[in-house]
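What follows is a short report on a single structure.
Numbered from 1 within each chain, the chains take letters A, B, ... in sequence-line order. None of these values were measured; they are calculated from a predicted model.
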Protein chains: 2
Amino acid sequence: MGIVIDFREDQPRWQQVAQVIRERITAGTYRPASRVPSENDLMQEFGIARMTAHKVMRALREEGAIYTVRGMGSFVSPPDTTAPSEA
Amino acid sequence: MGIVIDFREDQPRWQQVAQVIRERITAGTYRPASRVPSENDLMQEFGIARMTAHKVMRALREEGAIYTVRGMGSFVSPPDTTAPSEA
DNA sequence: AGATATTTGTTCGTATGTATC
DNA sequence: GGATACATACGAACAAATATC
């Protein structure tokens, strides 16, 4: 149960976990509109406290990677439609 | 968002913030049994760290100005009923 | 309708480490 | 060495929204 991450000491845990989630979104492991792990999930998988997990999600939310609905969970944000990528 | 206090250097920040809160209680800005700003509020309003905000509240609590309930917040203490003010 | 479980939001309590004065 | 101040991190408790039974 849970990766046993040996956290580096030169960077906060919440940043390291956020980076892992970020990469999973980029890699497509977590797809748009699908749910990402709950704070409880992160606690178990990474062996961190809930407030630390909360901080991870807040960071990802503030950078627009996910959106959150209380009582439901967090979800991968849809692709950016404001950018002129598809003409 | 937040007063921009230019903290004096001759006195600890936590004491200066405590004094501000103290004065607001005296002035009636914060009334008995009503909630005073959370530690998070103080962080934002005064631009201080949470541990510093915590120190502020602890000082006010120890002098009886407020009481605290974990998970709820801190509240202005009721008027002192032990003193023989109203006969 | 009611109870329960899950999930996020928010609050305080505490400890540790680092840096500065 | 002690006091101040910051960030990090864990724990605990209360609250609200959602979903399910």
Legend entry - side chain to side chain contact (heavy atoms under 4.5 Å, CB included) between B:Val20 and B:Gln16, worked out: CA-CA 7 Å; B:Val20 172; B:Gln16 296 180 48; 5.9 Å; no
Inset, instruction - Measure the distance from CZ on B:Phe7 to C1' on C:dC21 and round it to the nearest whole Å. - result: 17 Å
Inset, instruction - Tell whether A:Arg61 reaches the base of C:dT8 with its side chain through a donor-acceptor pair below 3.5 angstrom. - result: no
Inset, instruction - Using a cut-off of strictly less than 4.0 Å, decide whether A:Thr68 has a side-chain nitrogen or oxygen near OP1 or OP2 of C:dT8. - result: no
Legend entry - Between C:dT7 (P) and A:Phe75 (CZ): distance, integer Å: 11 Å
Legend entry - A:Met43 vs A:Met72, nearer the 5' end of DNA chain D by closest nucleotide: A:Met43
Legend entry - Any side-chain donor near an acceptor of the partner, A:Arg8 and A:Gln11, under 3.5 Å: yes
Inset, instruction - Nearest whole angstrom, please: distance from the P of C:dT10 to the CE of A:Met57. - result: 15 Å
Legend entry - Atom pair distance, as rounded to whole Å: CH2 in B:Trp14 and C1' in D:dG2: 14 Å
Inset, instruction - Respond yes when some side-chain nitrogen or oxygen of A:Lys55 is under 4.0 Å from OP1 or OP2 of D:dT8, and no when none is. - result: yes
Inset, instruction - Check if the side chain of A:Arg58 and the base of C:dG9 share a donor-acceptor pair of N or O atoms closer than 3.5 Å. - result: no
Inset, instruction - Provide, to the nearest angstrom, the distance between the CZ atom belonging to B:Arg13 and the P atom belonging to D:dC6. - result: 5 Å
Inset, instruction - Sort out for me which residue in B:Val56, B:Val17, B:Ile66, B:Leu60 forms a side chain to side chain contact (heavy atoms under 4.5 Å, CB included) with B:Arg22. - result: B:Leu60
Inset, instruction - Assess the side chains of B:Arg61 and B:Thr68: does a donor N or O sit below 3.5 Å from an acceptor N or O? - result: yes
Legend entry - Under 4.0 angstrom between B:Thr52 side-chain N/O and D:dC6 OP1 or OP2: yes
Inset, instruction - Determine: side-chain N/O of B:His54 to OP1/OP2 of C:dC12, distance under 4.0 Å, yes or no. - result: no
Inset, instruction - Would you mind telling me which residue lines up with the more 5' stretch of DNA chain C, B:Met51 or B:Gly73, judged by nearest nucleotide? - result: B:Gly73
Inset, instruction - Check the distance between C:dT8's P and A:Asn40's CG and give it to me in whole angstrom. - result: 8 Å
Inset, instruction - Name the closest nucleotide to the B:Glu39 side chain, picking from D:dC10, C:dT8, C:dG13. - result: C:dG13
Inset, instruction - Please figure out whether A:Gln15 or A:Val69 has its closest DNA chain D nucleotide nearer the 5' end. - result: A:Gln15
Inset, instruction - Find out whether A:Gln19 and A:Gln15 are in side-chain contact, i.e. whether some heavy atom of one side chain is under 4.5 Å from a heavy atom of the other. - result: no
Inset, instruction - Mind calculating the distance between CG (A:Leu42) and P (C:dT8) to the nearest angstrom? - result: 8 Å
Inset, instruction - Write down the distance between CZ (A:Arg50) and P (D:dA13), rounded to a whole number of angstrom. - result: 14 Å
Legend entry - Phosphate contact (D:dA15 OP1 or OP2) by A:Arg70 side-chain N/O below 4.0 Å: no
